[in-house]
A.B. asks: 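Got a structure for you, questions after.
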Amino acid sequence: MTSDAPVFGKGCHLHLIDGSAFIFRAYHALPPLTRKSDGLPVGAVAGFCNMLWKYVTDEHGSDAPTHAAVIFDHSAKTFRNEIYDLYKANRPELPEDLRPQFPLTRHATRAFNIACIEIEGYEADDIIATLACQARKAGGSATIISSDKDLMQLVGDGVDMLDPIKARLIGPDEVREKFGVGPDRVVDVQALAGDSVDNVPGAPGIGIKTAAQLIEEYGDLETLLARADEIKQPKRRQTLIDHAEQIRVSKRLVQLDCDTPLDFTLESLEVRDPEPEALLGFLAEMEFRTLTARVAERLGAEAPAVEAAPPSHAPAAPDLPGIDAAGYERVSDMAALTAWITAIREAGHVAIDTETTGLDEMQAGIVGISLSVRPGAACYVPVGHVAGSGDLFGSSALVEGQLPLDEVLAALKPVLEDPAILKIGQNLKYDWKILARHGIRMAPLADTMLMSYALNAGTHNHGMDELAERYLGHKCIPIKELIGSGKAQIGFAQVAIDKAVPYAAEDAEVTLRLWQHFAPMLPAEKVTTVYETLERPLVPVLAEMEMAGIRVDGDTLKRMSNAFAQKMAQLEDEIHGLAGEKFNVGSPKQLGEILFDKMGLAGGKTGKTGAYSTSADVLEDLAVEHDLAARVLDWRQVSKLKSTYTDALQGHVNPDTGRVHTSYSIAGAQTGRLASTDPNLQNIPVRSEDGRRIREAFVAAPGYRLVSLDYSQIELRILAHVADIPALKQAFRDGIDIHAMTASQMFGVPVEGMDPMIRRQAKAINFGVIYGISGFGLSRNLRIPRAEAQAFIDTYFERFPEIRAYMDATVAGAKEDGAVRTLFGRRINTPGINQSGPAAGGARRAAINAPIQGAAADIIRRAMIRMPAAIAHLPARMLLQVHDELVFEVEEGAVEDLIAAARRVMEAAAEPAVRLSVPLVVDAGSGANWAEAH
DNA sequence: TTGTTCACG
DNA sequence: GACGTACGTGAACAAA
């Protein structure tokens, strides 16, 4: 406490600056600047400093402060969340380039020599309220520099507000203008009207106007609620009676707390002049050239040099020290780890990577954790390295000089879960799941793989080694140098620690550098929204789905496998008999020789290898006359079902959970679709009756049901919207059979009583259009002459000319920009579009298809991201995604509620970003297993 | 490791 | 006039 400062009292004037509001305004008002030397995002800091500088150089007239402070929100969770858990729950996640700037704005405030205040568990508004009350009580006055309406309840009796944008003073009259009541009744009005921004519920259907009128009439909120039955309007009366409790909760939410515990006095906030050295030092460190010069001039000090450096997105930033794997630190004791944690808090971000005993996140153990806070500063914390693989039983004695895993995790947990510290990773879903199994749920996240995907989909893949080489000009240590390959491969736990340190720490540093490299490119390439709304938020959602897994009945699979084995043996005998010799039915080469050389059937060779094609297409033609081909087709189907599904799936059942846990790759497909691996649960059979039965093995836990919801015709609906095809849009609005409508338009036949063959042809054309149709492709698909197929297509384009226009425009755009975009802004690069020759056709079709397939992928991503909050109140979990289908597991009694909630989310998933001109329709089903639910 | 085949949307 | 052709995936197996 400062004992020498004069006592705060009459004649003293306190300025309370709403720091968080300053930051957000600065962030949104300025382009995303980055520090030249290393790419650190500093746009909000720059704006914040400019605003503070403007503030301190302002004369303030008669309002000049004797005391001042900048007040910040400490973290997202406050005591209000205990009153109402959904308070501020609908706030969009912070842009990731803003979060690391928070600590810098605190530094900036101190550099300006202004008191910097934040208190855990309290909002800035409560601290401001407390200070304003204390100033008033002490006989002084206060001005709150903010335009936040929530602070207006404090106005009056020596307290006023200053709107820093409009430079307008807000007194009791202005508050009355805004709320229709005086400052002392503002909370009553807010409690009734609610606030959608902060998610304060209020009374449904009552806005500020009505609320003010009611409060004016009845005096205050409690009187109003007590006398609610006197209200004349029946609906309004009922609303107040029904929601009385909710309104009281709302009042507690909006009522600011004037009793925030403070560990400082008003006196300590006395205005001080900035110290030139500290302020200029900070500004120069941030590399704010103009502001540094301006401040230096005003303060009569010499401006420190602001280092000039080339922009950070040049490949292999030459101003940075090279990546030096030899210089990394091995962390072996708590003191060293604590020092790193301090450095992380200081930086506001950390790049993290975990090394594990295996690649299956559901089973792998942690071997070590690497961290990096800036280029040149990275470490590796080994925790699970074991002595060499010398003895036969795989000695598992831990190597000396490692911290215990639980101590390391306990120390890191507060940092990894701190909402003010950004966790940066490459494919963070992996590390997220590993840490989640140890009770740590990392947030917030930045993922360099996803940044690259948003920027570079279609151009190259997004693995770290490739990104490091392309964008940092750095070749990473290959993992093979540590663990070997093939039969002699060892686990990471067996790698010597002194070899693991450079490898692991390098991964963290490379990730950090990639983040710095990509961060400014997202806004420059206009993919920030894609990254922020479709990529980054999906990580924890998918991680939870994958950890949930789906129950698979191993016994059922085993029975099926046995039945399939029998059938295969039987078919094999038949095939050998028909061929007149024994051969490997699974060998296309041997089969081709039997069919085309020995039996002399008609059939061609394929290009590269010169081998005969024996694909289903070819065999189906032969099967008309030759039983051998028909039997081989049967054998292949059974063999596929057995080897890929009934056999393989049994091996994927996790012994701990009894469930199958797939892994989704977010950045695998070019179009924005997910891909499922280990095992692939997006291609479980459904089209054939035998195959479909495999879905009976995917079951709900006892007491639960599986629920499947899928979008009906989503790609055609998107086509109708983006290509703006009136006939198609109207058909979707009317809810009529789209393929029958197409057939009717093309062939002039009525929808009623239509020949199923005609409808089937129209359906094939509708799909073909999405894929970039050709006469050849359609003729093969429908098994009709090519001329006939071409005639269909011509008719189709005549009836729906907008489709050709759309295709031409899409291809032209791809040639112009080297990329196409979905409705939601996802960019898919089309590097091959200007090729000539046979490849050109493929690139053209891919460019036509990508915006449609991609938009559908965007829509279901949006639904998935919103889903956890939308079903949080139900005993249900989202388990699987199959491109246009979501599968849930839900308690028996809640099936209908789940379907209603999930359908609502899915059907509205495009909004508000895109207002589709066709409805999205979702079909739903439920059952004890996936076959029943689908 | 590469190519073929086939499961899905 | 010829060239090749539906779009997007992953896994298993044979063959090199």
A.B. asks: Taking the C1' atom of each, how far is B:dT2 from C:dA6, in whole Å?
C.D. replies: 24 Å
A.B. asks: Which nucleotide in the set C:dG4, C:dA6, B:dC8 lies at the smallest distance from any side-chain heavy atom of A:P685?
C.D. replies: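 Closest nucleotide to the A:P685 side chain: B:dC8.
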A.B. asks: Is any side-chain heavy atom of A:S676 less than 4.5 Å from a side-chain heavy atom of A:Q881?
C.D. replies: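 No, too far: nothing below the 4.5 Å cut-off.
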A.B. asks: Can you pull out the residues from residues 686-696 of chain A that lie within a 4.0 Å heavy-atom distance of DNA chain B?
C.D. replies: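 Close to the strand are A:V686, A:R687.
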A.B. asks: Check the distance between B:dG9's C1' and A:Y664's OH and give it to me in whole angstrom.
C.D. replies: 13 Å
A.B. asks: May I ask you to say whether A:R861 pairs ionically with A:D858, meaning some side-chain N is under 4.0 Å from a carboxylate O?
C.D. replies: no
A.B. asks: Within this structure, what is the CG-to-P distance between A:N461 and C:dT9, rounded to whole angstrom?
C.D. replies: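 Nearest whole value for this atom pair: 10 Å.
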A.B. asks: Rounded to the Å, how far apart are A:F767 CZ and C:dT5 P?
C.D. replies: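 Distance check: A:F767 CZ to C:dT5 P gives 23 Å.
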A.B. asks: Does a donor on one side chain and an acceptor on the other come within less than 3.5 Å for A:Q566 and A:N562?
C.D. replies: no
A.B. asks: Can you figure out which of B:dT5, B:dG9, C:dG10 approaches the side chain of A:V882 most closely?
C.D. replies: B:dG9
A.B. asks: Assign A:A764 to base, sugar-phosphate, or nothing according to its heavy-atom contacts below 4.0 angstrom with the strands shown.
C.D. replies: base
A.B. asks: When you check the gap from the basic side-chain N to the acidic O, do A:D737 and A:R759 get nearer than 4.0 Å?
C.D. replies: yes
A.B. asks: Counting only side-chain heavy atoms from C-beta out, which of C:dT9, B:dG9, C:dA6 sits nearest to A:H883?
C.D. replies: B:dG9
A.B. asks: Between C:dG8, B:dC6, C:dG10, which nucleotide gets closest to the side-chain atoms of A:Q670?
C.D. replies: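 For A:Q670, the side-chain atoms sit closest to C:dG8.
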A.B. asks: Under a 3.5 Å cutoff, is there a donor and acceptor pairing between the side chains of A:S688 and A:Q637?
C.D. replies: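 A:S688 vs A:Q637: donor-acceptor pair found between side chains.
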A.B. asks: Expressed as a whole number of angstroms, how long is the span from A:L681:CG to C:dT9:P?
C.D. replies: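 A:L681 atom CG is separated from C:dT9 atom P by 18 Å.
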A.B. asks: So A:L879 and A:W930, do their side chains get closer than 4.5 Å, heavy atoms only?
C.D. replies: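 No, their side chains stay 4.5 Å or more apart.
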A.B. asks: What integer distance in Å separates A:I765:CD1 from C:dA6:P?
C.D. replies: 17 Å
A.B. asks: A:Q790 has an atom CD; how far is it from atom C1' of C:dG4, in whole Å?
C.D. replies: 14 Å
A.B. asks: Looking only at heavy atoms, which two atoms of A:T822 and A:A850 are closest? And how far apart?
C.D. replies: CG2-O, 4.3 Å
A.B. asks: Between protein and nucleotides 11-16 of chain C, map the contacts as a letter string: B base, S sugar-phosphate only, - none, heavy atoms under 4.0 Å, written 5' to 3'.
C.D. replies: BSSSSS
A.B. asks: Which is true for A:N781 with a 4.0 Å heavy-atom rule: it touches a base, it touches only sugar-phosphate, or it touches nothing?
C.D. replies: base
A.B. asks: For A:I770, answer base if it contacts any base atom (sugar-phosphate contacts may also be present), sugar-phosphate if it contacts only those atoms, and nothing otherwise; contact means non-hydrogen atoms under 4.0 Å.
C.D. replies: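 If one applies the 4.0 Å heavy-atom cut-off, A:I770 turns out to touch nothing in the nucleic acid.
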A.B. asks: Among A:E593, A:E572, A:K589, A:H576, whose side-chain contact (heavy atoms from CB on, under 4.5 Å) with A:F583 holds?
C.D. replies: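 Output: one option passes, namely A:H576.
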A.B. asks: Listed in order of residue number, which residues of residues 844-867 of chain A have a non-hydrogen atom at under 4.0 Å from DNA chain B?
C.D. replies: A:Q853
A.B. asks: Rounded to the nearest angstrom, tell me the gap between atom OH in A:Y771 and atom P in B:dG9.
C.D. replies: 10 Å
A.B. asks: Mind checking the P distance from B:dT5 to C:dT5? Whole angstroms is fine.
C.D. replies: 14 Å
A.B. asks: Looking for any heavy atom pair under 4.0 Å, which part of the strands does A:S615 touch: base, sugar-phosphate only, or nothing?
C.D. replies: sugar-phosphate
A.B. asks: Quick check: do A:E889 and A:R659 have side-chain heavy atoms less than 4.5 Å from each other?
C.D. replies: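 Side chain of A:E889 against side chain of A:R659, heavy atoms only: contact under 4.5 Å found.
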A.B. asks: Give a yes-or-no answer on whether the side chains of A:Y796 and A:N766 include a donor-acceptor pair shorter than 3.5 Å.
C.D. replies: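 Their side chains do contain a donor-acceptor pair, which is all the 3.5 Å distance test asks for.
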A.B. asks: Would you say A:Y612 and A:D597 are linked by a side-chain donor-acceptor pair, where the criterion is simply a distance under 3.5 Å?
C.D. replies: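 A pair is found: one side chain offers a donor N or O, the other an acceptor, under 3.5 Å apart.
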A.B. asks: On the nucleotide C:dT5, are OP1 or OP2 found under 4.0 Å from the side-chain N or O atoms that A:R780 carries?
C.D. replies: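 So the side chain of A:R780 is outside the cut-off, no N or O lying under 4.0 Å from OP1 or OP2 of C:dT5.
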A.B. asks: In whole angstrom, give the distance that lies between atom CG of A:L641 and atom P of B:dA7.
C.D. replies: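 Going from CG in A:L641 over to P in B:dA7 covers 7 Å.
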A.B. asks: Would you call A:E620-A:R783 a salt bridge at under 4.0 Å N-O?
C.D. replies: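 So A:E620 pairs with A:R783 through a salt bridge.
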A.B. asks: For A:L782 and A:M757, what are the C-alpha separation, side-chain angles and deciding distance, and is it a side chain to side chain contact (heavy atoms under 4.5 Å, CB included)?
C.D. replies: CA-CA 10 Å; A:L782 284 176; A:M757 274 306 291; over 6 Å; no
A.B. asks: Base, sugar-phosphate, or nothing for A:Q637, non-hydrogen atoms under 4.0 angstrom?
C.D. replies: sugar-phosphate
A.B. asks: Only pairs with both distances under 3.5 Å count, Watson-Crick or wobble alike; so what is the partner of C:dC3 in this structure?
C.D. replies: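 Across all strands, not a single nucleotide pairs with C:dC3.
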